[in-house]
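Report on the following structure.
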There are 2 protein chains.
Amino acid sequence: MPLMPAKPEYPHDHAQCSSDALAEAQRICARRGVRLTETRQKVLELIWGDHAAVKAYDLLEQLSGPGRAVRPPTIYRALDFLLENGLIHRIESLNAYVGCPQPGGQHSSQFLICDACSIVIELTGTDVVHAVADEAASHGFEITRQTIEVHGLCGPCAARHAEEAPVP
Amino acid sequence: MPLMPAKPEYPHDHAQCSSDALAEAQRICARRGVRLTETRQKVLELIWGDHAAVKAYDLLEQLSGPGRAVRPPTIYRALDFLLENGLIHRIESLNAYVGCPQPGGQHSSQFLICDACSIVIELTGTDVVHAVADEAASHGFEITRQTIEVHGLCGPCAARHAEEAPVP
DNA sequence: TTTTGTAATGTTATATTATCACACTTACGT
DNA sequence: ACGTAAGTGTGATAATATAACATTACAAAA
């Protein structure tokens, strides 16, 4: 049974959410003495268009216009900058990028990814991080980077799905 | 400081390890009534060449010979088969594939990946899985697939690294 | 044993994701 | 204004993966 695609449902004032993220990004870049140039900011805005992960070549299309053909390096440079400065995350299992809601600091990445509506929810709990750290330590392993990506159905999509295929 | 690449260190009888994996794969396929054809078996053998993850196009080169030019679909079909039957895993953060040491059953994927020697260690503990499941449940999220990929340095590489760059 | 249907493979082309190399421009401190 | 480093433009290409359709091999039925 194929998943029904849908728009991410996340009841909140997204215009606010997005502009907060942009403002915070500006603060962070100012504090760090790095430049949030027009291209970088534009890419960040596009990524914050909603709470789904965005593909590099979609950004490319969106940035390109009638008079302006943006090339891949432009996008990837902007993405690299945003990644380095902790403003976005890369979702490995999707080859896509999503805004970071707690930008600035290094923090481990744990995501719930809805395969129906594509929403990406970033987790902030420490239990998982600790459990992983313990396991790693027991193997004498020194962690530099954790990637935790959990696929499935978000609450609203799970509900919709159950409705469409009710269990007898 | 760049990581020193190295061969994966994993003191064991790898010939045995590898041939056990192959034999187990044959048992599993027989039980399931699916065919471990020559190409599929060859790919599985190559993946079990050591405990590092292998790239699809490296398999392609290794399978190709003077008289035989193997094309991408051949490899990807074999990889799909092996993935579907739980004989290998895909490491998303590397776009690469690794043998599964507990093949057959569905199980969550948790890997320690050494960025120096490329060894991939599959974890089997349940703490992490439970911690993730709890977090997901608290968001009303229904999990279908977990990907946990932890990058860093394995024990031997961490030791070697510390030796090369001693802390005063 | 031949037939026949399905699974598997071969083959060509192309899609998708990402990087390299080098030229040019802009911002910024001096 | 000048020099420098950071940022961007541009063309080419690398690396990863899939689509579409033809052909072959296998195993069970007739």
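As a basis for the values below, the full set of heavy atoms in this structure was taken, side chains included, without hydrogen atoms, waters or symmetry mates. Since this is a predicted model, take the numbers as computed values, not measurements. Numbered from 1 within each chain, the chains take letters A, B, ... in sequence-line order.
Using a 4.0 Å cutoff on non-hydrogen atoms, the parts of residues 69-81 of chain B near DNA chain D are Pro72(B), Pro73(B), Tyr76(B), Arg77(B), ordered by number.
Between Tyr10(A) and His51(A), the ring-plane angle classifies as perpendicular under the 30° and 60° cut-offs.
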Open item on the list: For a side-chain hydrogen bond (donor to acceptor under 3.5 Å, both in side chains) check, start with the C-alpha distance between Gln16(B) and Asp20(B), then their side-chain angles and the critical distance, and finish with the verdict.
Closed with: CA-CA 6 Å; Gln16(B) 186 65 46; Asp20(B) 285 355; 2.9 Å; yes

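At whole-Å resolution of the value, OH in Tyr97(A) and C1' in dT16(C) are 12 Å apart. Whole-Å rounding puts the Leu60(A) CG to dA15(C) C1' distance at 15 Å. Rounded to a whole Å, the CD atom of Gln41(B) is 15 Å from the P atom of dA8(C). In this structure, OH of Tyr57(B) is placed 14 Å from P of dT16(C), rounded to the nearest angstrom.
Between Arg68(B) and dT11(C) there is no side-chain polar atom (N or O) within less than 4.0 angstrom of OP1 or OP2. In terms of phosphate contacts, Lys55(A) brings no side-chain nitrogen or oxygen within less than 4.0 Å of OP1 or OP2 of dT16(C).
Summary of the strand contacts: Asn95(B) and Arg35(B) both lie near DNA chain D, and taking for each the nucleotide with the nearest heavy atom, the more 5' one is attributed to Asn95(B).
On the nucleic acid side, DNA chain D contacts chain A at distances under 4.0 Å to non-hydrogen atoms, with the end points of that region at dG7(D) to dG11(D).
In the model, Thr147(B) has no side-chain atom that pairs as donor or acceptor with a side-chain atom of Glu92(B) under 3.5 Å.
Judged by distance alone, with hydrogens and angles left aside, the side-chain atoms of Gln110(B) form a donor-acceptor pair with the main-chain N or O of Gly125(B) at under 3.5 Å. Panel note: side chain Arg40(A), backbone Arg35(A); a donor-acceptor pair is recorded below 3.5 Å.
Considering Leu87(B), Leu82(B), Thr37(B) in turn, Leu87(B) is the only one that fulfils the side-chain contact (heavy atoms from CB on, under 4.5 Å) rule with Cys29(B).
Considering only residues two or more places apart in sequence or on other chains, Glu45(B) meets the salt bridge (Lys or Arg N to Asp or Glu O under 4.0 Å) condition with none of them.
Cluster membership for Ile143(B) and Leu94(A), using ILVMFWY side-chain heavy atoms within less than 4.5 angstrom, is not shared.
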